[in-house]
Amino acid sequence: MTGATRRGRQKGVVLMIALIVLVAMTLAGIGMIRSIDTGTMVAGNIGFRQSAAPTADSGVENAIAWIVANATGLTADIPAQGYYSTRQDFVDLTGNKTEGGLDGVDWNNDGTQPIKVKTVGSIDGTGNQVAYIIHRLCSVTGSINLPTQSCSTNSSTGIGSTQDAPTYDNQGLLLTNRVYYRITSRVVGPKNTVSYVQAVILI
């Protein structure tokens with residue numbers, strides 16, 4: 001074998017090695033680009049989710065304003081306003097427990113679930129869509145003073161005096177019972193990011 005033949009074969013080997021290295025570098029570059037794109041998408045989704053939280057708080061504030069304005073008529077369900085006078089412990093608020101069941105909340109107002117919500121719509125300029133549902137934390141409908149009723153309440157002492165009472169043991173101050181309400185607010189962002197905020201209030 002002559003020197004020229006050996007040099008020719010060596011050049012062929014170098015070409016193959018160079019092609020393999022080039023392919024490996026190309027694959028590494030593609031993988032890096034995909035990784036950067038994925039990281040950017042994740043960061044963007046986190047940003048949308050975080051921006052949805054203040055909007056969900058606005059939904060809670062809307063619900064509180066409605067409760068205060070209708071405080072005297074909250075002993076029965078008002079589905080059109082997303083209000084229920086019982087806890088509804090069976091309800092799947094987020095739809096994660098029984099997919100396809102009929103124990104969920106109709107957040108999309110498409111009639112697929114029995115529990116209705118109040119749709120607020122877009123409160124700010126971000127395009128976030130807000131809806132909420134209110135539950136009075138009681139076991140049955142009707143007054144909180146019913147014998148069969150069981151509510152989460154807070155008792156506060158009324159203003160008055162026992163100064164003129166014949167005995168102090170049977171002339172106590174009047175107690176006022178106030179009931180707790182649970183508000184669940186749901187926000188759907190422009191890229192279908194979904195956030196839930198829940199608050200328990202005493203009115």
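Here the structure is a predicted model, which is why all the values come from computation and not from measurement.
Both V120 and V68 belong to a common hydrophobic cluster when Ile, Leu, Val, Met, Phe, Trp and Tyr are linked at side-chain heavy-atom distances under 4.5 angstrom. The hydrophobic clustering, which links ILVMFWY residues whose side-chain heavy atoms are closer than 4.5 Å, places Y196 and V188 together.
The backbone N or O of K116 lies less than 3.5 Å from no partner atom in the side chain of D106, so there is not a single donor-acceptor pair. Although no hydrogens or angles enter the test, the distance criterion places no donor-acceptor pair under 3.5 Å between the side chain of R186 and the main chain of V194. Between the side chain of Y180 and the main chain of N154, no donor-acceptor pair closer than 3.5 Å is present. Between the side chain of W107 and the main chain of L93, a donor-acceptor pair closer than 3.5 Å is present. With hydrogens and angles disregarded, a donor-acceptor distance shorter than 3.5 Å links the side chain of N62 to the backbone of S58.
As a member of the Ile/Leu/Val/Met/Phe/Trp/Tyr network built from side-chain separations under 4.5 Å, V23 groups with L27. Hydrophobic side-chain contacts under 4.5 Å tie I20 to no other Ile, Leu, Val, Met, Phe, Trp or Tyr residue.
Annotation: the span from I64 atom CD1 to I183 atom CD1 amounts to 4.5 Å, rounded to 0.5 Å. Atom-to-atom distance recorded for T153:OG1 and I144:CD1 is 6.5 Å, nearest 0.5 angstrom. The distance from the CD1 atom of I134 to the CD1 atom of I78 is 9.0 Å, given to the nearest 0.5 Å. Note: N70 CG to T72 OG1 = 7.0 Å, rounded to the nearest 0.5 Å. Interatomic distance, SG of C151 versus CG of N145, reported as 8.5 Å (0.5 Å rounding).
Summarising the geometry of Q198 relative to T184, their closest heavy-atom pair is NE2-OG1, 2.9 Å, with the distance given to 0.1 Å. Taking both residues in full, the closest heavy atoms of L202 and V179 are given as CD1-O, 3.6 Å, listed atom of the first, atom of the second, then distance. Taking all atoms of both residues into account, the shortest heavy-atom contact from G59 to S185 is CA-OG, 3.8 Å. Y84 approaches P79 most closely through the heavy-atom pair OH-CB, 3.7 Å. In terms of heavy-atom proximity, V197 sits nearest to A56 at CG2-CB, 3.3 Å. Taking every heavy atom of both residues into account, Q149 and C138 meet most closely at OE1-CB, 3.5 Å.
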Given H135 and R87, is the side-chain contact (heavy atoms from CB on, under 4.5 Å) satisfied, shown in steps? CA-CA 6 Å; H135 288 98; R87 293 188 298 265; 5.7 Å; no

Quick one, I67 with I201, criterion side-chain contact (heavy atoms from CB on, under 4.5 Å). Give me CA distance, side-chain angles, the key distance, then yes/no. CA-CA 10 Å; I67 293 173; I201 64 170; 3.9 Å; yes

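Applying the ring pair (Phe, Tyr, Trp, His ring centres under 6.0 Å) rule to Y181 yields no partners; only residues at least two apart in sequence or on another chain are considered.
Partner of I115 under the side-chain contact (heavy atoms from CB on, under 4.5 Å) criterion, out of V91, D77, D92: V91 alone.
For Y83 and W66, the gap between ring centers is short of 6.0 Å.
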